[in-house]
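What follows is one structure encoded as structure tokens, with my remarks underneath.
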Amino acid sequence: PFVPINCGAIPESLVESELFGHERGAFTGANKASIGLFEAAHGGTLFLDEVGELPLSVQPVLLRAIQFGEIRPVGSNVTREVDCRVLAATHRDLEAELARGTFREDLYYRLATLFVQVPALRERTGDIPALLAAFLERSGPVNRSALLQVDPAAIEALQAHDWPGNVRELENAAVRLITFSNGRSITASDVAQFVTHRRRKESESASGGLPTLDLEALERRAI
């Protein structure tokens with residue numbers, strides 16, 4: 001099995017229950033026993049996405065589970081053995097988190113046995129055609145993806161963009177391009193409209209509506 005979990009999407013009070021399971025009556029609402037994701041991934045892979053978001057209070061028990069392959073469900077006095085591969089991902093700089101004391105050093109080094117740095121999309125623009133094709137296919141016939149082709153010039157325009165939002169931004173761009181394309185193909189002009197719209201929004205955000213302010217207000221903001 002491959003079992004993914006977004007660590008940043010779980011309330012702190014439920015993290016242990018999600019990871020290790022719980023016994024019936026362990027807490028309010030626990031009407032029946034439930035296995036955790038470590039047990040669900042037994043014999044397979046547990047993917048801890050956004051592991052840098054885990055609360056400091058939970059990190060010691062996670063360390064023990066990874067180090068010794070043992071878990072104890074919430075409300076139980078019995079440990080259980082689990083055997084699964086653990087993959088972890090984060091957008092945070094965990095070494096900086098170590099310095100701030102918000103991430104345990106021992107857990108970091110246990111997770112970072114093999115470390116893979118995924119380059120930003122702007123550093124691997126050769127991936128854009130394949131990623132775009134996948135996103136267009138995923139959007140399905142509702143968004144007319146089956147009718148659309150992508151002009152080579154459009155690919156070049158996409159590769160020239162700096163993609164501060166990385167792959168998620170490209171996925172959103174694909175949906176926008178499908179939705180607003182007027183013909184049977186996505187053209188460089190379609191891409192230009194998307195990029196221009198984004199840069200205009202970024203400019204407005206950066207300026208904070210400065211043209212509407214008088215000189216005194218501008219001075220205050222600058223200071």
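The figures here come from the full heavy-atom set of this structure, side chains too, leaving out hydrogens, waters and symmetry mates. Since we're looking at a predicted model, the values are computed, not measured.
At a threshold of 4.5 Å between non-hydrogen side-chain atoms, the residues Gln149 and Ile186 do not count as touching.
Here the CZ atom belonging to Phe135 is positioned 5.5 Å from the CG atom belonging to Leu170, to the nearest 0.5 angstrom. Residue Ile71 holds its CD1 atom at 11.0 Å from CD of Glu16, rounded to the nearest 0.5 Å. Rounded to the nearest 0.5 Å, atoms CD1 (Ile66) and SG (Cys84) are 8.5 Å apart. Taking CD1 of Ile5 as the reference point, atom CZ of Phe38 lies at 9.0 Å (rounded to 0.5 Å). Separation of atoms CD (Gln59) and CZ (Arg110) is listed at 15.0 Å; rounding is to 0.5 Å. A distance of 10.0 Å separates CD in Glu95 from CD in Glu105, rounded to the nearest 0.5 Å.
Contact detail for Gly8 and Glu53: the closest heavy-atom pair is CA-CB, 3.6 Å. Closest of all the heavy-atom pairs between Val61 and Val58 is CG2-O, 2.8 Å. Smallest separation of non-hydrogen atoms from Ala40 and Pro1: O-CG, 3.4 Å. Between Glu12 and Pro55, the closest heavy-atom pair is CG-CG, 3.5 Å. Across Val78 and Arg72, no two heavy atoms sit closer than the pair O-CG, 3.5 Å. The two atoms that bring Asp83 and His42 nearest to each other are N-ND1, 3.0 Å, heavy atoms only.
Hydrophobic clustering, with ILVMFWY side chains joined whenever heavy atoms are under 4.5 angstrom apart, keeps Ile35 apart from Leu62. Hydrophobic cluster membership differs between Leu46 and Leu87, with clusters built from Ile, Leu, Val, Met, Phe, Trp and Tyr side chains linked at under 4.5 angstrom. Following chains of ILVMFWY side-chain contacts shorter than 4.5 Å, one cannot reach Val74 starting from Phe20, and the two form parts of different hydrophobic clusters. At a threshold of 4.5 Å between side-chain heavy atoms, the hydrophobic network of Ile, Leu, Val, Met, Phe, Trp and Tyr places Val15 and Leu94 in one connected group. Val82 and Leu63 fall within the same hydrophobic cluster, where Ile, Leu, Val, Met, Phe, Trp and Tyr residues are linked whenever their side-chain heavy atoms come under 4.5 Å apart, directly or through other members.
Under the rule for a salt bridge (charged side-chain N to carboxylate O under 4.0 Å, His left out), the partners of Arg64 that lie at least two apart in sequence or sit in another chain are Glu70. With sequence neighbours left out, the ring pair (Phe, Tyr, Trp, His ring centres under 6.0 Å) criterion links Phe103 to no other residue.
Distance alone, capped at 3.5 Å, is enough to place a donor-acceptor pair between the His22 side chain and the Lys32 backbone. With hydrogens and angles disregarded, a donor-acceptor distance shorter than 3.5 Å links the side chain of Thr179 to the backbone of Val175. Between the side chain of Arg24 and the backbone N or O of Asn31, at least one donor-acceptor pair lies under 3.5 Å. Looking only at distances, a side-chain donor or acceptor of Asp190 sits under 3.5 Å from a matching main-chain atom of Thr187.
Other residues, nucleotides and ligands place more than 12 heavy atoms under 6.0 Å from the CZ atom of Arg92.
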Output side-chain donor-acceptor pairs under 3.5 Å for residues 116-132, partner residues at least two apart or in another chain, one line each.
residue: Arg124; atom: NE; partner: Pro119; partner atom: O; Å: 2.9
residue: Arg124; atom: NH1; partner: Asp127; partner atom: OD2; Å: 3.2

### Query
Under the side-chain contact (heavy atoms from CB on, under 4.5 Å) criterion, do Leu19 and Ile10 qualify, and how do the steps go?
CA-CA 10 Å; Leu19 291 177; Ile10 310 173; 5.8 Å; no

#### Entry: Thr102 vs Leu56, side-chain contact (heavy atoms from CB on, under 4.5 Å): CA-CA, chis, key distance, verdict
CA-CA 6 Å; Thr102 56; Leu56 196 60; 5.8 Å; no

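A salt bridge between Arg168 and Glu171 is absent, with no side-chain N of the basic residue lying under 4.0 Å from a carboxylate O of the acidic one.
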